Number of protein chains: 2
Amino acid sequence: MDFVNELRKRGNRITNAREVVCKILETSGHEHFTVEELHKLALKKDKSIDLATVYRTLELLENINLIEHSHQAHGSGLYFLKEAYSNIHIVCESCDDIADLDQATSKKVNKLIKNKTDFKEITNHFVYTGLCKKC
Amino acid sequence: MDFVNELRKRGNRITNAREVVCKILETSGHEHFTVEELHKLALKKDKSIDLATVYRTLELLENINLIEHSHQAHGSGLYFLKEAYSNIHIVCESCDDIADLDQATSKKVNKLIKNKTDFKEITNHFVYTGLCKKC
DNA sequence: TTTACTGCAAACGCTTTGCACCCAC
DNA sequence: GTGGGTGCAAAGCGTTTGCAGTAAA
């Protein structure tokens, strides 16, 4: 998956800020990022990149379905690569560890909820919170 | 359940702001409130009650386990009476309708997640988002 | 050359906090 | 009388926006 190429295909301009952010997302090996983390990493490559630009780039990538974002109870939003995204993520309240649920289980959870309510679709944009075994 | 009495038992002072907020929570028949809703209702009974006081009162009531609050993707926090609280709530993205999952299903969902991760507890403080059948 | 994109700064919405006053105990 | 609680105003936080300048096409 080449994020920059996807942008080019869509007719978006390839700016340095976009190249830097895309490269971090694709090559850092992380599955999830807070906006500040991402911004901090971007600043290492180009110290003029603004936080607003990071937000705008993430919004763009989310619109193309390359990434997805969730909200946390405290602190900033969490961005996930779409390929690694499995619908449900759990953050440990104590150590901030993140576990990702496999797609099958995520689907099972959503089906269970749909069956018990009059909702036809679950578009859950949240991370769960919990306590992992270590904590 | 008498919220005011609970406060008295704990040695908290019974002020007018607290009486007003407690009465709204207990007698309005709603199961959930946004902070602004609650504040607006409180102002009808005493137009000097401050938003900050509403927040402080809600925090107090949450500490005593009489209410619970969740976060929404957009807009303010959502407060629930503890007795009506069933762990999982879904807000329709389109019409803002809220559905509450029954406790048994909520437990089932949480158990499913626990079995598939190394989390020992789910302390999920979020509302789900989705689309209800009407929308 | 054109205009999409940028950095900057300011504004946003929700929530929390500092502080001096006040009133429940 | 005392200190817990209040209203008020300001600050906090993550995020969004307006704008004039810049650089990708």
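Being a predicted model, the structure only gives us computed values, none of them experimental. Residue numbers begin at 1 in each chain, while the letters A, B, ... track the order of the sequences.
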- [ ] Verify whether one side chain among B:T105 and B:D102 offers a donor that lies under 3.5 Å from an acceptor in the other.
- [x]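 Per modelled atom types, B:T105 and B:D102 side chains form a pair under 3.5 Å.
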- [ ] Show your working on side-chain contact (heavy atoms from CB on, under 4.5 Å) between B:I67 and B:F3 and close with a plain yes or no.
- [x] CA-CA 10 Å; B:I67 61 176; B:F3 285 17; 4.0 Å; yes
Pick out the pairs of N or O atoms, protein on one side and nucleotides 17-22 of chain C on the other, that lie under 3.5 Å.
unit_1	atom_1	unit_2	atom_2	d
C:dG18	O6	B:R56	NH1	3.4

TODO: May I ask you to list the residues of residues 36-47 of chain B, by number, that have any heavy atom positioned under 4.0 Å from an atom of DNA chain D?
DONE: none
Open item on the list: With the threshold set at under 4.0 Å for non-hydrogen atoms, list the residues of residues 7-23 of chain B touching DNA chain D in residue-number order.
Closed with: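 Here the set is B:N12, B:R13, B:T15, B:A17, B:R18.
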Task: Value in whole Å for how far the P atom of C:dC8 lies from CD1 of A:I49 - done: 11 Å
Open item on the list: Rounding to an integer number of Å, can you tell me how far A:H74 NE2 sits from C:dT16 C1'?
Closed with: 12 Å
Open item on the list: Donor-acceptor check, side chain of B:E31 to backbone of B:L81, threshold 3.5 angstrom: yes or no?
Closed with: no
Open item on the list: Between B:E19 and B:V4 (side chain of the first, backbone of the second, donor and acceptor by atom type, cut-off under 3.5 Å), is there such a pair?
Closed with: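 Pair absent, no side-chain N/O of B:E19 close to backbone of B:V4.
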Open item on the list: Reading DNA chain D from 5' onward, which residue's closest nucleotide shows up sooner: B:T53 or A:G75?
Closed with: B:T53
- [ ] Evaluate the side-chain proximity of A:D50 to A:V54: yes if any heavy-atom separation is below 4.5 Å, no if none is.
- [x]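 A side-chain contact under 4.5 Å is absent here.
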Open item on the list: Between B:K111 and B:N115, is there a side-chain heavy-atom distance shorter than 4.5 Å?
Closed with: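 A side-chain contact exists here, since the closest heavy-atom pair is under 4.5 Å.
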TODO: Would you sort out whether B:K9 and B:E6 count as a salt bridge (charged side-chain N to carboxylate O under 4.0 Å, His left out), showing the intermediate values?
DONE: CA-CA 5 Å; B:K9 264 197 247 167; B:E6 286 301 314; 3.2 Å; yes
- [ ] Assess whether side-chain contact (heavy atoms from CB on, under 4.5 Å) is satisfied between B:R18 and B:L60, documenting all intermediate values.
- [x] CA-CA 10 Å; B:R18 287 183 176 169; B:L60 176 59; 3.6 Å; yes
Open item on the list: Classify A:L51 by what it touches in the nucleic acid, base, sugar-phosphate, or nothing, heavy-atom distance under 4.0 Å.
Closed with: base
Task: Heavy atoms from other residues, nucleotides or ligands near NZ of B:K23 exceed 12 (cutoff 6.0 Å) - done: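 Open: at most 12 neighbouring heavy atoms sit under 6.0 Å from NZ of B:K23.
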Task: B:K108: side-chain contact (heavy atoms from CB on, under 4.5 Å) partners, not counting sequence neighbours - done: A:L112
Task: Start and end of chain A contact along DNA chain D [non-hydrogen atoms, under 4.0 Å] - done: D:dG14 to D:dA25
List the atom pairs, with distances to 0.1 Å, where a side-chain N or O of residues 33-42 of chain B and a protein N or O form a donor-acceptor pair under 3.5 Å, not counting sequence neighbours.
unit_1	atom_1	unit_2	atom_2	d
B:T34	OG1	B:E37	N	3.1
B:E36	OE2	B:S76	OG	2.6
B:E37	OE1	B:T34	N	3.1
B:H39	NE2	B:I49	O	2.9
B:H39	NE2	B:L51	N	3.4

- [ ] Please check if A:L43 and A:L25 belong to a single hydrophobic cluster, counting links between Ile, Leu, Val, Met, Phe, Trp and Tyr side chain heavy atoms closer than 4.5 Å.
- [x] no
Open item on the list: Using 30° and 60° as the class boundaries, would you call the ring planes of B:F80 and B:H32 parallel, tilted or perpendicular?
Closed with: perpendicular
